[in-house]
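Right, one structure below, let's go through it.
Computed from a predicted structure; not experimentally measured.
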Amino acid sequence: MADDFQQGGSKLYAALARSLADEPVVEALVGDHEPKWEAPLRLFGGVHYLELSGMVQHPWAKLRGVLEANRDWLARFVAEQPIQTNEVQRCWGLLPAFLSVAEGRRLDLVELGPSGGLNLYWDRYTYRYGEDRWGDARAGLELSGNAEGGPPRELLGTDVQVGSRIGIDRRPVDVTTDHGARLLEAFVWADQTDRLERVRRAIEIAREDPPRLLDGDYVEVLPALLAERDLDALTVVYHSVSTVYLRQDERDRLEEILAEEGMRGSLARISYEVDRDTPTFYGFALDVETWPGGRRRLARLDGHANTMDWVA
Ligand SMILES: C[S@@+](CC[C@H](N)C(=O)[O-])C[C@H]1O[C@@H](n2cnc3c(N)ncnc32)[C@H](O)[C@@H]1O
């Protein structure tokens with residue numbers, strides 16, 4: 001995991017993961033947690049949570065002692081708290097897909113696996129792609145990244161109107177509570193201050209109009225939700241870094257649900273997930289699907305949407 005932290009841009013976590021890998025206190029805290037790669041993310045998330053809540057000060061320089069002193073609390077956090085990364089920068093990857101399906105219709109959003117729901121407010125942020133911009137320049141959060149070959153300027157001239165916003169998550173995070181907001185902040189790597197700043201601004205925006213998050217497995221909940229959708233609007237079902245957690249049979253069922261509902265019309269699907277077909281340096285793909293119309297690839301991306309290679 002130290003290499004992953006290094007590649008992901010956290011020198012702090014890379015150095016700590018390396019120096020603590022063989023520490024008995026770490027073994028005592030994470031036990032035989034599976035999958036193994038999750039253990040450092042949960043442990044560092046727990047320490048960051050303690051720091052953000054003021055329960056410990058400056059923990060990173062004296063981490064071994066902090067682990068010893070907070071053994072029980074951290075062991076419980078590692079065992080019980082799934083990783084909750086709500087990466088708002090992914091909206092920078094998703095936006096062109098929303099614009100490409102909009103076609104002047106009202107959009108009713110359904111996000112699968114929204115975590116705290118921060119990416120349900122993508123239309124309230126402002127964006128930069130090279131020289132081009134989208135959104136209200138007075139928005140409280142600006143997202144930008146390194147875009148190659150697009151998105152096309154005409155597409156960024158598209159206006160959208162969002163109707164409803166609903167997410168379905170089996171562990172939804174309530175960002176209106178201190179605990180929920182702190183949890184999303186805690187899973188940002190502690191030295192990534194830009195990411196932390198973005199998540200804080202997005203939480204403020206979400207708190208002005210809290211999202212409707214349904215608690216459940218989206219493969220089970222989605223059919224009933226789609227059955228009652230308003231066919232006068234375009235319902236956009238979307239997911240980012242979420243179907244990776246499904247078993248193959250669940251993935252197949254999701255495809256079936258969308259294909260069946262797609263036949264009734266007024267449905268689009270946006271997928272920002274691991275690229276299983278043609279794995280590349282970027283690792284992730286942005287696809288849109290409409291009925292009729294079929295599935296189309298728009299871009300390749302990295303997992304946090306810092307870089308986009310436009311291919312449409
Ligand atoms: C890595 S997070 C990504 C959150 C958000 N989509 C983003 O891009 O920031 C994955 C989320 O999917 C949720 N999730 C995974 N499988 C699910 C399922 N079958 N039903 C409901 N939620 C699920 C998890 O609880 C978690 O909140």
Side-chain angles (χ1 to χ4, degrees), residues 90-114 119-120 122-123 129 134 147 149-168 214 217-244 246 248-280 282 284-301 305 308-312:
R90 289 193 189 118
C91 289
W92 183 81
L94 289 165
L95 176 80
F98 287 114
L99 302 183
S100 75
V101 296
E103 291 179 349
R105 301 177 73 181
R106 188 187 88 217
L107 305 183
D108 284 349
L109 307 177
V110 177
E111 185 175 1
L112 308 181
N119 295 352
L120 280 163
W122 54 268
D123 57 315
Y129 300 85
W134 188 89
R153 183 158 290 169
E154 315 82 73
L155 188 61
L156 294 169
T158 309
D159 285 331
V160 292
Q161 186 209 345
V162 172
S164 59
R165 306 167 200 267
I166 300 179
I168 313 166
L214 307 180
D217 182 327
Y218 55 68
V219 181
E220 287 167 16
V221 175
L222 187 60
L225 198 60
L226 290 183
E228 64 188 31
R229 73 186 186 276
D230 180 355
L231 294 173
D232 290 336
L234 178 70
T235 295
V236 185
V237 173
Y238 67 105
H239 46 90
S240 58
V241 196
S242 168
T243 57
V244 69
L246 300 183
Q248 187 57 49
D249 61 307
E250 293 171 322
R251 246 194 292 277
D252 293 345
R253 177 71 192 122
L254 179 62
E255 296 306 318
E256 254 173 48
I257 296 165
L258 290 169
E260 275 166 24
E261 284 295 333
M263 296 301 172
R264 290 207 299 131
S266 297
L267 186 69
R269 181 259 195 96
I270 295 173
S271 166
Y272 172 177
E273 298 288 343
V274 168
D275 185 358
R276 290 165 186 274
D277 309 329
T278 51
T280 59
Y282 292 95
F284 289 76
L286 179 70
D287 293 342
V288 294
E289 191 169 9
T290 50
W291 294 267
R295 190 164 177 137
R296 213 153 57 89
R297 173 137 315 167
L298 298 186
R300 298 190 192 102
L301 297 153
M308 170 188 295
D309 179 21
W310 188 260
V311 297

What is the minimum heavy-atom distance between [X] and [Y], and which atoms define it?
X	Y	answer
F98	V236	CE2-CG1, 3.9 Å
V311	R297	CG2-CG, 3.5 Å
W134	T158	NE1-O, 2.7 Å
L222	V110	CD1-CG1, 4.0 Å
L226	R264	O-NH2, 3.0 Å
G167	P114	CA-CG, 3.7 Å

Query raised in the report: What do the steps show when you test R269 against E255 for side-chain contact (heavy atoms from CB on, under 4.5 Å), and what is the final call?
Result: CA-CA 10 Å; R269 181 259 195 96; E255 296 306 318; 2.9 Å; yes

Requested in this report: Return the set of residues passing side-chain contact (heavy atoms from CB on, under 4.5 Å) with T243 (not counting sequence neighbours), or none when no residue passes.
Outcome: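 T243: side-chain contact (heavy atoms from CB on, under 4.5 Å) contacts with Y218, H239, L246, L254, E273.
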
Heavy atoms, side chains only, cut-off 4.5 Å: are [X] and [Y] in contact?
X	Y	answer
P151	M308	yes
D275	F284	no
L94	W122	no

Query - Any donor-acceptor N/O pair, D108 side chain to S164 backbone, under 3.5 Å - result: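 Answer holds: yes.
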
**Report entry** N/O donor-acceptor pair under 3.5 Å between Y272 side chain and A305 backbone
**Finding:**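 Checked: pair present.
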
Requested in this report: Could you pull out all residues at least two apart from E256 that satisfy salt bridge (Lys or Arg N to Asp or Glu O under 4.0 Å)?
Outcome: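 For E256, the residues satisfying salt bridge (Lys or Arg N to Asp or Glu O under 4.0 Å) (neighbours in sequence not counted) are R253.
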
Once rounded to the nearest 0.5 Å, what's the spacing between atom [atom1] of [X] and atom [atom2] of [Y]?
X	Y	atom1	atom2	value
R165	L107	CZ	CG	9.5 Å
E228	T235	CD	OG1	10.5 Å
I166	E111	CD1	CD	12.0 Å
L298	L99	CG	CG	10.5 Å
L286	L95	CG	CG	10.0 Å
L231	R229	CG	CZ	5.5 Å

Requested in this report: Might you work through the side-chain contact (heavy atoms from CB on, under 4.5 Å) test for W310 and L155, ending with a clear yes or no?
Outcome: CA-CA 12 Å; W310 188 260; L155 188 61; 4.0 Å; yes

Query raised in the report: If you look only at pairs with a residue in residues 90-104, which of them pass as a side-chain hydrogen bond (donor to acceptor under 3.5 Å, both in side chains), with sequence neighbours excluded?
Result: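 Those involving residues 90-104 do not exist here.
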
